[in-house]
Amino acid sequence: MPIGHYIYTSMGVTRRKFIRNTALTGAAVSLASNIMARPYQKRVDANGKLRVGIIGSGLRGQDHIDLLLRRKDCELTCIAEPDQVMLASTKKVFEGFEAKWPEIYDQGPHDYVRMLDKEKIDAVIIATPWEWHSQMAIAAMKAGVFTGVEVSGAFSLDECWELVNTHESTGTPLFFLENVCFRRDVMAVLNMVKKGLFGELIHLECGYEHDLRGVKFNDGVTPYNSGVEFGDKGFSEAKWRTWHSVYRNGDLYPTHGIGPVAQWININRGNRMETLVSMASKSRGLHEYIINHPKGGPDHPNAKLEFRLGDKVTTMVKCTNGETIVLHHDTSLARPYSLGFRVQGTKGLWMDINKKLYIEGTSPGHQWEDAATYLTQYDHDAWKAHEKDAEGAGHGGMDWFVTDAFVRCALEGTEPPFDAYDAASWMAITPLSEASIANGGMPQAIPDFTRGRWMKRI
Ligand code: NAD
């Protein structure tokens, strides 16, 4: 059962009825059918299994592999991964399941093209550094392979359009693997939103607030966490991610936040994001971290780097239906992890930072209540049904749901819940926030990647 079912039909109604039944959506939506939804080919081999390939079997790719190897309805047949260290740890994952070691494509960074050309696969998961995502997703769609791509921001609007145009010209589905949409509280809050607990939604907040100063470093002695070294001396994300903080200034990682928000306020399905403004603070966190680190110091070569990324990037979006959204990007300062969600309507609000909510007429006057009781009461049916399946899966179990939705969508030939239009509009926040910051906070128009179809699409 794909997420379309999880999110919208597991309460016994179709997505369309579900939306029509709420008082919160625009008239256009309630009259509409999903004019872009189409049946896709069911992808299943002679044994009734989905043949899956992986591009990039680093740490995230290995999470996907672990979840795929647990399943009986798919077969992992090939991997494109040029790094022998990552291939060695991937092999251990296969050995843990006593699974057959697949065909390996390790002849450099473009060997994935040979894999797509040569292998008979039904679906592919792309879990590479950000700069590879779109070109790989485009190649996979052109090869007619059901395409799952990990999360990231884009580099340009052209890239976002190319994703949409390739999806439309090839008819190949793109599944944007935004796992946070499946977080248990996020789905319970979706349930509460659809039941009207917060009234009409007015303002939302979200973000990526994760101290990444100590990204992974491998000197053979301390395999994880230094952050002082990166690039060739780094390991996993430190090999590539830190370069973005050196050269770019914008909301580099918007989709863990905007993905859930998009579900709550029907972005691209009766609503859309129209404009944004972005501002960035000064940049101090990464530099201070390096000079104060025992493996760094003021004479370390990286202490001379100027990091462009502001320590705190704040973006504000205005939507067609009148809501405002604030996105926080905060990865270079000392802080605990948070995605900073806030869902506020005419009758109350929920915030995940303090794990509280307030509902007018129910909560004691002007006082916060613990959200936990509500989150249990409105726990989504999908979570109730699959709690055991999700046990032990990454990120509190939500990774099980995203893998399950991906596999089932491909097998059943149904519309991905987060598709090329969602990928394009969510990823576009990055280059638009960079442009806004570079221009003193100037508003930037967010393209309508659905070309007007958002009005009638549900
Ligand atoms: P990683 O560096 O551990 O893995 C990336 C892998 O891609 C590496 O093994 C690298 O060798 C490989 N690679 C690089 N270029 C390649 C190419 N041309 N062809 C094939 N393989 C190539 O990084 P990661 O932490 O696994 O992150 C990968 C992606 O997953 C990123 O987009 C990251 O943002 C995303 N991610 C998502 C979540 C989530 O919760 N959804 C969590 C972690 C990472």
Side-chain angles (χ1 to χ4, degrees), residues 53-67 78-93 102-116 119 124-140 148-155 175-183 186 208 210 212 215-218 223-225 230-245 251-260 329 331 337 339 393-403 405-406 418 423 426-427 430:
I54 300 284
I55 306 180
S57 70
L59 297 191
R60 186 64 181 157
Q62 290 169 41
D63 289 345
H64 286 296
I65 290 169
D66 174 82
L67 286 166
C78 52
I79 295 176
E81 168 58 69
D83 183 325
Q84 297 305 318
V85 174
M86 285 303 191
L87 278 174
S89 50
T90 304
K91 198 158 196 191
K92 290 197 179 130
V93 181
E103 283 300 313
I104 299 300
Y105 290 80
D106 59 356
Q107 303 302 301
H110 296 281
D111 216 20
Y112 74 92
V113 177
R114 196 167 59 96
M115 181 181 101
L116 290 170
E119 294 288 330
V124 70
I125 288 183
I126 298 160
T128 48
W130 301 335
E131 53 271 31
W132 285 96
H133 286 193
S134 291
Q135 109 182 47
M136 288 171 168
I138 287 161
V149 63
E150 258 304 338
V151 299
S152 65
F155 295 84
F175 191 127
F176 194 67
L177 296 162
E178 185 39 84
N179 49 343
V180 181
C181 295
F182 295 94
R183 210 172 88 173
V186 162
Y208 188 67
H210 188 184
L212 292 177
V215 284
K216 299 169 186 76
F217 160 72
N218 190 359
Y224 293 117
N225 284 357
F230 59 93
D232 288 344
K233 294 186 177 168
F235 171 67
S236 183
E237 287 194 344
K239 269 194 186 304
W240 51 270
R241 191 171 186 149
T242 316
W243 286 117
H244 295 266
S245 309
D251 186 331
L252 300 182
Y253 210 48
T255 75
H256 285 330
I258 201 67
H329 183 271
T331 57
Y337 178 87
L339 296 185
H395 297 102
M398 66 195 184
D399 288 356
W400 180 86
F401 285 89
V402 79
T403 305
F406 175 77
F418 324 120
W426 303 352
M427 289 167 73
T430 300

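Indexing begins at 1, ligand by ligand and atom by atom, following the structure's order. Along the sequence shown, residues carry numbers from 1.
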Quick one: does [X] get an N or O within less than 3.5 Å of an N or O on ligand 1?
X: D83; value: no
X: E237; value: yes
X: R60; value: yes
X: H110; value: no
X: D399; value: no
X: L177; value: no

Below 4.0 Å, non-hydrogen atoms only: which portion of [X] touches ligand 1? Side chain, backbone, both or neither.
X: H395; result: side chain
X: K239; result: neither
X: N179; result: side chain

Checklist entry - What atoms of ligand 1 come closer than 4.0 angstrom to any heavy atom of H133? => result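 Near H133, the atoms of ligand 1 are 32 (O).
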Checklist entry - Can you tell me if Q62 uses its side chain to pair, donor with acceptor, with the backbone of S57 under 3.5 Å? => result yes
Checklist entry - Between the main-chain N or O of T403 and the side-chain N or O of H64, is there a donor-acceptor pair closer than 3.5 Å? => result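 No, the answer is negative, given that no donor and acceptor are paired below the 3.5 Å cut-off.
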Heavy-atom gap [X] to ligand 1 smaller than 4.0 Å:
X: W240; result: yes
X: M136; result: yes
X: P82; result: yes

Item to check | Shortest non-hydrogen separation from I54 to V124 and the atoms involved | outcome: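 Smallest heavy-atom distance, with atoms named: N-CG2, 4.4 Å.
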Next on the checklist: Does the plane of the ring in Y208 sit parallel, tilted or perpendicular to the ring in H210? Use 30° and 60° as the thresholds.
Outcome noted: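 Judged by the thresholds at 30° and 60°, the geometry between Y208 and H210 is perpendicular.
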Checklist entry - Should R183 and D399 count as an ion pair when the cut-off is N to O under 4.0 Å? => result no
Next on the checklist: Under 6.0 Å from the ring centre and within 45 degrees of the ring axis: does the NZ or CZ of R241 meet both conditions for the six-membered ring of Y253?
Outcome noted: yes
Next on the checklist: With side-chain contact (heavy atoms from CB on, under 4.5 Å) as the test, pick out the partner of V149 among F175, F176, W132.
Outcome noted: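 Exactly one candidate clears the test, F176.
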